[in-house]
Amino acid sequence: MPDIKFIIENKDLVQDGLTKKGYTKEDLDLDELIALHKQITTLKTSSQSLAEEKNKLSNQIKSASAEDRPNIIAKSKELGEKFKLQEQELSDLSEKFDLMMLKMPNMPSPETPVGPDDSANVVRRYVGEVPHFDFEPKDHIELMEINDWSEMERIAKVSGTRTYAIKNELAKLELAMHMFVLDKLRSYGFQVITVPSISKEKPLYGQGYLPFSRDEVYYLPQDDIYLSGTAELILNSLRADEILTESELPVLYAGFSPCFRREAGAAGKDTRGLVRVHQFMKTEQFVICAGDVNESEKWHQKLLQISEEVLQDFELPYRVLEVCTGDMGAPKYRQYDLEAWVPSQNCYRETHSCSNITDWQARRTNLRYRANADGKVKYVHTLNNTGIATPRALVPFIENHQNADGTVNIPPKLQPYMGGIKKIGKNA
RNA sequence: GGAUAGAUGGCCGAGUGGUCGAAGGCGCACGAUUGGAAAUCGUGUGUACCUGUCAAAGGGUACCGUGAGUUCGAAUCUCACUCUAUCCGCCA
């Protein structure tokens with residue numbers, strides 16, 4: 001949701017951004033938007049001068065003489081009617097305008113590769129060595145079965161498809177990963193925060209989930225409440241409507257929460273195993289920084305570096321993908337995905353998604369700060385990145401670290417979080 | 001779930017129909033005083049939008065939890081909702 005003034009003054013640039021993000025004129029018509037804004041401004045000006053006149057009259061009444069009073073009241077009443085009509089028209093137009101503005105995506109970074117869909121994403125680098133097994137590697141489902149690490153069939157009967165129940169050392173590993181990442185983030189100055197998984201509707205607009213992907217989110221009509229798909233949703237609204245001082249920035253949150261996603265658009269994809277489930281746990285990195293692209297781009301790199309470090313500490317081969325304009329969501333200015341190698345699928349699968357949102361969310365949540373330099377109030381920039389998301393991250397983890405006998409090695413960095421053990425599994 | 005109380009500016013807090021964007025205090029900023037500091041004194045200190053301008057100054061409109069209503073006029077009256085606090089019940 002860029003500034004309307006910016007849109008008017010930079011129409012060609014904004015149109016270019018819309019086109020790059022795959023928006024057609026039917027999706028969002030800039031001319032219509034600008035015309036609507038002009039109409040609103042004109043109407044506003046006239047209704048404000050009407051209000052001014054009305055106020056002046058009202059103020060006269062108290063001191064008016066007895067014979068003047070009825071006249072003034074009648075005149076004021078008449079103005080009031082006129083004013084009311086204009087206000088009605090104004091609120092109708094504003095509603096229409098606001099709806100369009102809510103659909104306005106962020107402008108992509110000039111660095112972002114241009115393309116229609118994920119086929120145009122660009123691999124920036126490969127890190128780590130893809131393992132070569134001198135035995136037939138098992139997939140994560142088989143590894144779980146032979147080690148008594150899961151109750152996948154049984155839990156499907158209880159909780160339905162795309163759910164998981166993992167147990168014993170694997171359950172412990174899941175929690176250990178989060179503890180490891182939370183400790184790391186804390187060492188980088190993040191505040192560890194556990195947040196609810198339920199949310200009112202407004203934060204979903206603030207984050208930019210709505211109005212775009214209503215199908216993706218669980219809704220509980222009885223309580224008019226939504227289930228959160230990520231702690232980003234909650235953290236993004238936590239400081240809504242505040243004016244921070246610049247010295248408070250950056251605000252760094254390491255949010256932990258259960259996450260819920262309907263996966264409506266993924267029917268038939270990854271139906272087995274731990275890759276894509278309706279409920280999972282995520283440790284999220286969330287940053288609120290000064291509203292300056294240089295500053296947020298710096299943090300974007302920092303967040304990326306932190307999650308790369310996580311994958312390196314876990315000794316997982318991965319690649320860094322720069323997501324193209326057409327594959328990026330509406331809120332995003334620039335986005336990297338990290339994908340870890342999954343041996344059984346012979347490909348890289350997404351484990352992290354790292355985005356610079358610039359001021360797009362801040363405008364929606366009305367989160368601002370007072371700049372030191374000139375004392376002016378400005379919108380902050382927000383960024384988010386996965387810290388670690390499980391159980392998906394367990395998939396590359398146990399597959400890459402498996403041995404011929406079905407055991408799984410624990411990388412040294414993670415061993416302290418597993419009670420010092422080096423290997424898990426029935427034969428360990 | 002039941003009962004009660006409440007929601008005003010960065011914070012505390014006054015204000016129950018008219019000049020209230022809102023007293024007073026605290027905080028903050030600047031200035032005076034000081035060798036320096038504290039204390040003291042003075043001045044200033046919300047946000048959004050419209051208008052205006054090269055920029056500003058200036059003028060205006062709105063905002064006292066949210067939404068609607070009464071009224072010529074609402075922080076103040078009415079209704080609905082939301083949230084907060086306390087007590088009781090239940091509960092991981």
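Naming convention: chains lettered A, B, ... in sequence-line order (proteins, then strands); numbering from 1 in each chain. Only a predicted model underlies this, so the values are computations on that prediction, with no experimental measurement involved.
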Quick one: on RNA chain B, does Ala74(A) or Glu53(A) contact a more 5' nucleotide (nearest heavy atom)? Glu53(A)
Only one of Lys138(A), His140(A), Glu399(A), Glu142(A) passes side-chain hydrogen bond (donor to acceptor under 3.5 Å, both in side chains) with Ser344(A); say which it is. Glu399(A)
When rounded to whole Å, the CZ to C1' distance for the pair Phe83(A) and C72(B) reads 14 Å
Can you find a side-chain donor-acceptor pair between His352(A) and Ser307(A) that sits under 3.5 Å? no
Taking the side chain of Ser58(A) as heavy atoms from C-beta outward, which of U61(B), U47(B), G73(B) is closest to it? G73(B)
Taking the C1' atom in each of A57(B) and U51(B), what is the distance between them to the nearest angstrom? 13 Å
Kindly assign one of parallel, tilted or perpendicular to the pair Phe314(A) and Phe180(A), based on the angle between their ring planes and the thresholds 30° and 60°. tilted
When you compare C41(B) with U78(B), how far apart are their P atoms, in angstrom units rounded to a whole number? 42 Å
Say we look at C63(B) and A75(B): how far apart would their P atoms be, to the nearest angstrom? 6 Å
Take atom CG of Asn55(A) and atom C1' of U71(B), then tell me their distance rounded to the nearest Å. 14 Å
Once you round it to whole Å, what is the distance between P of U71(B) and NZ of Lys54(A)? 12 Å
Write down the distance separating the P atoms in U45(B) and G35(B), rounded off to the nearest Å. 32 Å
Euclidean distance for P, G46(B) against G24(B) (whole angstrom): 14 Å
Rounded to whole Å, please give me the gap between CD in Glu95(A) and C1' in G67(B). 13 Å
Can you check the distance between A37(B) and U33(B), where both ends of the measurement are the C1' atom (answer in whole Å)? 12 Å
For the pair Asn356(A) (side chain) and His300(A) (backbone), establish whether a donor and an acceptor sit closer than 3.5 Å, ignoring hydrogens and angles. no
Specify the separation, in whole Å, of atom CD1 of Ile73(A) and atom C1' of G73(B). 10 Å
Writing each nucleotide of RNA chain B 5' to 3' as (, ), [, ], | or . by Watson-Crick or G-U pairing under 3.5 Å yields ((((((((.[[[..)..(.....]]]((((((.......))))))((((((......)))))).[[[[[..)....]]]]])))))))....
Expressed as a whole number of angstroms, how long is the span from Leu57(A):CG to G73(B):P? 11 Å
Without decimals, in angstroms, what is the distance between Asn59(A) CG and C20(B) C1'? 11 Å
Nearest-Å distance, CG (Asp224(A)) to C1' (C81(B))? 12 Å
Side chain Asn59(A), main chain Asn55(A), donor-acceptor under 3.5 Å: yes
What integer number of Å spans the P atoms of U71(B) and A55(B)? 44 Å
Got a donor-acceptor contact below 3.5 angstrom from the Asp139(A) side chain to the Ile141(A) backbone? yes
With nearest nucleotides of RNA chain B determined for Lys77(A) and Ile243(A) from heavy-atom distances, which residue corresponds to the more 5′ nucleotide? Ile243(A)
If the C1' atom of U47(B) is compared with that of C64(B), how far apart are they to the nearest Å? 13 Å
As a quick check of understanding, evaluate salt bridge (charged side-chain N to carboxylate O under 4.0 Å, His left out) for Arg261(A) and Glu263(A), giving each step before the final call. CA-CA 6 Å; Arg261(A) 294 187 187 181; Glu263(A) 299 295 349; 5.4 Å; no
Could you label the plane-to-plane angle of the Tyr219(A) and Tyr226(A) rings as parallel, tilted or perpendicular, counting under 30° as parallel and over 60° as perpendicular? tilted
Any luck finding a side-chain donor-acceptor pair between Thr390(A) and Glu174(A) under 3.5 Å? yes
Kindly point out which of A48(B), G60(B), G46(B) is positioned nearest to the side chain of Glu52(A)? G60(B)
Please, which pairs that meet salt bridge (charged side-chain N to carboxylate O under 4.0 Å, His left out) have at least one residue in residues 188-204 of chain A, sequence neighbours excluded? Glu201(A)-Arg214(A)
Which atom pairs link the protein and nucleotides 49-56 of chain B when you take only N or O atoms and keep those under 3.5 Å?
residue, atom, partner, partner atom, Å
C49(B), O2', Lys44(A), NZ, 3.2
C50(B), O2', Thr45(A), OG1, 3.0

Is a donor on one side and an acceptor on the other found under 3.5 Å between the side chain of Arg162(A) and the backbone of Asp270(A)? yes
So, is Arg370(A) close to the U47(B) phosphate, meaning a side-chain N or O under 4.0 Å from OP1 or OP2? yes
Which of U70(B), C72(B), C83(B) is nearest the side chain of Lys200(A)? It is C83(B)
